[in-house]
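Counting starts at 1 for both ligands and their atoms, following the listed order.
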Amino acid sequence: MNNLLKKTTKTIIISAVLLGLGTQAHAKKVIKWRLATTWGPTLTPFIDAPRNMAKMVEEMSNGRLVIKVDASNKHKSPFGVLDMVKAGQYEMGHSASYYWKGKDINTLPFTAMPFGMTTPEQYSWFYHGGGLELMQKAYKIHKVYSFPGGNAGGQMGGWFRKEINSLADLKGLKMRIPGFSGEIMADLGLAVTNIASGELYTSLEKGTIDALEWVGPGMDINMGFHKVAPYYYTGWHEPAAELQFLVNQKKYNKLPKDLQQILKNAMKLSAYDMYIQNYHMNVEAWSGMKKDYPGIQIKSFPKDVLDAMKASNKKLLTEKTENAPLLKEVLDSQDAYKLKARKWTKISDYLYLKDN
Ligand code: CA
């Protein structure tokens, strides 16, 4: 009896030690990743999306997946994020899909399209209307997964040194405006360029550009654009601008299933947090703008300019999709979803807002 008790106790102790060792060995396996962003280290709220995501991942995984976020001052390549994730130099990226349109036209429509969907319409399309699947289809060639990374909402049309009273006033201006709207502006006679956030103010101040669009009042006023270009135009070009997380496929596929799920949830939640954080920043900035910055002139583009933008949008889309079947598939999907969703938006939001 005594012997049996001794034996059982010994077995329990050995099992506990083994179990303990097992747990310890498991806990010690820490996967370390790096993420490259297009944004500078203080660019709130864009930079907060990947940072919040990394914090959530570390906490939810109990420290098993640790992601270090490098801002653009660290890797010095704000528009090289896709290339770096593709090459495996970074496991992840955070940027805007339309920055790569020059390299791969199929990545263009996932950030924003002129006269396109609003933020709730776009999120519905991504998560329930086939958008997320089409985004993976477009990024497959780069061996990268792409996920929504936070929405900047409806953006302002940009800052201009002088008032735009007609189409003729736009001609010859040098403007920073990325994405497809940049191509429309080029079609209307502007010299168009894309410039990273850190160099925007200097470019405007030095006259390298005469006008620029950035985001909305919450982010724009901190940049000081109004000091040089006080005419602030309402938007047409980015009615919803979704940023993107990029993940190297090989690295993602190697993660255990639970870490993949944690990563996906953290990306989704941090994207939503960035959207509402940015909305709040716009609310605060807009409400104090008239008093704090009386020099800012709020304007909307005149009808002939908007008509020309719409006509150019239609013409350029037809040209662009002619030999680009995947781009056409994505744009057709967005158009069909917008058409369907807009009927509801007009009843639920527009009709209510009209009278309240
Ligand atoms: Ca923008």
Side-chain angles (χ1 to χ4, degrees), residues 37-40 43-49 72 78-79 81 94-102 107-119 121-123 148-160 164 170 173-186 188 190-204 208-226 228-229 231-244 271 274-275 277-279 281-282 285-286 296 298-301 305-306 309 313 334:
T37 77
T38 293
W39 330 117
L43 196 71
T44 295
F46 287 5
I47 189 74
D48 299 305
S72 59
F79 298 124
V81 172
H94 188 258
S95 190
S97 191
Y98 64 11
Y99 289 153
W100 335 121
K101 75 179 176 75
T107 60
L108 167 73
F110 299 103
T111 305
M113 288 303 284
F115 308 109
M117 291 182 276
T118 63
T119 309
E121 290 169 350
Q122 200 186 45
Y123 269 135
N151 204 294
Q155 296 203 5
M156 287 293 281
W159 300 87
F160 290 75
I164 305 300
L170 276 178
L173 291 185
K174 290 170 283 180
M175 183 175 186
R176 181 269 179 195
I177 177 166
F180 195 61
S181 46
E183 295 183 37
I184 293 175
M185 284 305 221
L188 299 188
L190 286 86
V192 167
T193 179
N194 188 19
I195 296 168
S197 59
E199 292 151 43
L200 285 174
Y201 181 77
T202 323
S203 305
L204 192 63
T208 314
I209 47 172
D210 307 303
L212 61 81
E213 74 77 53
W214 179 226
V215 185
M219 291 181 76
D220 290 6
I221 288 173
N222 293 337
M223 304 282 261
F225 304 138
H226 56 277
V228 195
Y231 294 95
Y232 198 17
Y233 278 82
T234 54
W236 58 280
H237 63 310
E238 300 192 358
E242 187 66 39
L243 305 180
Q244 275 75 31
M274 195 210 89
Y275 167 49
Q277 187 185 353
N278 186 62
Y279 201 93
M281 283 169 63
N282 282 335
W286 193 261
I296 296 175
I298 305 300
K299 301 280 172 187
S300 288
F301 289 110
V305 170
L306 281 166
M309 285 165 170
N313 184 46
Q334 287 187 334

Worksheet item: Would Thr234 and Ser300 satisfy side chain to side chain donor-acceptor pair (under 3.5 Å), going step by step from the backbone distance to the final call?
Response: CA-CA 5 Å; Thr234 54; Ser300 288; 2.7 Å; yes
Worksheet item: What N, O or S atom of Glu213 is found closest to the Ca ion (ligand 1)?
Response: OE1
Discussion item. When you compare the side chain of Met309 with that of Pro114, does any pair of heavy atoms fall below 4.5 Å?
Written reply: no
Worksheet entry | Distance (rounded to the nearest 0.5 Å) between Thr193 OG1 and Met175 CE | 11.5 Å
Worksheet, complete the sentence: For the Ca ion (ligand 1), the nearest N/O/S atom on Glu238 is atom OE1
Worksheet item: Rounded to 10°, how big is the angle at the Ca ion (ligand 1) from Trp214 O to Gln155 OE1?
Response: 70°
Response to the item:
When every non-hydrogen atom of Gly153 is compared with those of Thr119, the smallest separation belongs to CA-OG1, 3.3 Å
